[in-house]
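In what follows, a single structure is set out as structure tokens and then discussed.
These numbers come from the heavy atoms of this one structure, side chains and all, not from hydrogens, waters or symmetry mates. Whatever order the structure lists them in is the order used to number ligands and atoms, beginning at 1.
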Amino acid sequence: MEPYRNEYILKDGQKLIVRTPEEGDAQGLINLMQTVDNETKFLSREPGEFNITLENEIDFIRNKNNEENGRFLIAELDGNIIGNCYVGIEVNNKRYLHRAGMAIVVRKDCWNKGIGKKMMQECINWCNQKGIEQLELEVVTQNERAITMYKSFGFDIYGTKKHALKYADGTYADEYFMCLFLNGMKPE
Ligand SMILES: CC(C)(COP(=O)(O)OP(=O)(O)OC[C@H]1O[C@@H](n2cnc3c(N)ncnc32)[C@H](O)[C@@H]1OP(=O)(O)O)[C@@H](O)C(=O)NCCC(=O)NCCS
């Protein structure tokens, strides 16, 4: 697919670049994932579980960039990759093509600059361009920051998945299923 790139000036004047990754970004992306897995309990991996090789990460970037039904974007600040997001159709059967899922992460030292919201908007824009009717996600029920952000875009909670995550210490977390209906497709 065509490379994508957008630039923003953040509240503090810094320039944020949101773009599709290149193969040379592989190590930066590995570093990002290893950092964020240590910073929050709200993601899907235990610290140290992200063990991908550079070669496999390069393949991952290539595959993502070739996807027609999804878009993987990185957020770059001062030459460093400090966030990423993915939006895409998760099941390619005809009966599921109206639905997309998404995921987003920003490195903790870059929170509260408005980066999460810019990336969310990129995901929603992609859905609108593709004529997607509903954008879906799962979020840990204690993740107030993310839930507040999703609600500010119009997402609502439609259910709870009990014990969705089990942590290494044996405790559990529940997840909300949240959905944003687009293009006037919200059911009565
Ligand atoms: C959720 C996350 C992506 C937000 O990124 P961010 O760059 O800090 O987001 P922004 O600066 O754009 O702020 C987004 C909104 O978060 C909400 N928010 C910020 N701080 C908050 C707080 N302390 N309590 C509740 N909501 C808060 C606000 O709605 C804010 O928007 P506003 O500033 O216009 O009011 C980021 O915190 C993150 O990566 N967390 C860890 C990974 C994660 O949880 N990902 C989502 C998994 S479903």
>> Show every side chain to side chain donor-acceptor pair (under 3.5 Å) that has at least one partner inside residues 177-188, sequence neighbours left out.
In response: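 Listed by first then second residue: D156-K186.
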Using a 4.0 Å heavy-atom cut-off, say whether [X] meets ligand 1 through its side chain, its backbone, both or neither.
| X | value |
| --- | --- |
| V140 | neither |
| K113 | backbone |
| K108 | neither |

>> Starting from Y96 and following side-chain heavy-atom contacts under 4.5 Å between hydrophobic residues (I, L, V, M, F, W, Y), which residues can be reached?
In response: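 Members alongside Y96: V91.
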> Atom CD1 in I74, atom CG in N80: separation rounded to 0.5 Å?
Replying inline: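 These two atoms lie 10.5 Å from each other.
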> At what distance, to the nearest 0.5 angstrom, does CG of N143 lie from CG of L43?
Replying inline: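 N143 CG to L43 CG: 8.0 Å, rounded to 0.5 Å.
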Starting from [atom], find the nearest protein heavy-atom neighbour and note its residue, name and distance.
| atom | result |
| --- | --- |
| atom 7 (O) of ligand 1 | G116 N, 2.8 Å |
| atom 39 (O) of ligand 1 | V106 N, 2.8 Å |
| atom 30 (C) of ligand 1 | K117 CE, 4.3 Å |
| atom 33 (O) of ligand 1 | K11 NZ, 4.0 Å |
| atom 25 (C) of ligand 1 | T148 OG1, 3.4 Å |
| atom 11 (O) of ligand 1 | G114 N, 2.8 Å |

Winner among [options] once heavy atoms are compared against [atom]:
| atom | options | answer |
| --- | --- | --- |
| atom 45 (N) of ligand 1 | I104, I115, V105, V139 | I104 |
| atom 18 (N) of ligand 1 | R145, M149, M119, K151 | R145 |
| atom 40 (N) of ligand 1 | Y150, W111, F42 | W111 |

> Short N/O distance, under 3.5 Å, between N143 and ligand 1?
Replying inline: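 Yes; at least one N/O pair falls below 3.5 Å.
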> Polar-atom distance check: N112 versus ligand 1, any N or O pair below 3.5 Å?
Replying inline: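 Checking ligand 1 against N112, an N or O pair does fall under 3.5 Å apart.
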> In ligand 1, which numbered atoms sit nearer than 4.0 Å to a non-hydrogen atom of A146?
Replying inline: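 Going through ligand 1 atom by atom, the ones under 4.0 Å from A146 are 1 (C).
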>> Using a 4.0 Å cutoff against the non-hydrogen atoms of E138, which atoms of ligand 1 qualify?
In response: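 Contacts of ligand 1 toward E138, numbered from 1: 48 (S).
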Is the closest heavy-atom distance from [X] to ligand 1 below 4.0 Å?
| X | result |
| --- | --- |
| S152 | no |
| L43 | yes |
| R107 | no |

>> With salt bridge (charged side-chain N to carboxylate O under 4.0 Å, His left out) as the criterion, how do K161 and D174 come out once you've worked through the C-alpha distance, each side chain's angles and the decisive distance to 0.1 Å?
In response: CA-CA 6 Å; K161 210 184 278 181; D174 298 341; over 6 Å; no
>> Side chains of Y8 and Q121 only: does a donor on one sit below 3.5 Å from an acceptor on the other?
In response: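 Short answer, no.
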> Is it true that the side chains of N63 and E67 contain a donor and an acceptor less than 3.5 Å apart?
Replying inline: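 Checked: N63/E67 side chains show no N/O donor-acceptor pair below 3.5 Å.
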> Would you say Y4's side chain and V18's backbone share a donor-acceptor pair under 3.5 angstrom?
Replying inline: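 Pair absent, no side-chain N/O of Y4 close to backbone of V18.
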> Mind checking whether F72 and F60 have parallel, tilted or perpendicular rings, split at 30° and 60°?
Replying inline: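 Ring orientation, 0 to 90° scale: perpendicular.
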>> Working note: E136 + Q134, criterion side chain to side chain donor-acceptor pair (under 3.5 Å); need CA distance, chi angles, decisive distance, verdict.
In response: CA-CA 6 Å; E136 304 173 4; Q134 56 195 75; 2.8 Å; yes
> Are R19 and D25 close enough for a salt bridge, meaning some N to O gap below 4.0 Å?
Replying inline: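 A salt bridge is present here (some side-chain N lies under 4.0 Å from a carboxylate O).
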> Run the side-chain contact (heavy atoms from CB on, under 4.5 Å) check on E7 and L16 step by step: do they pass?
Replying inline: CA-CA 6 Å; E7 290 186 8; L16 173 75; over 6 Å; no
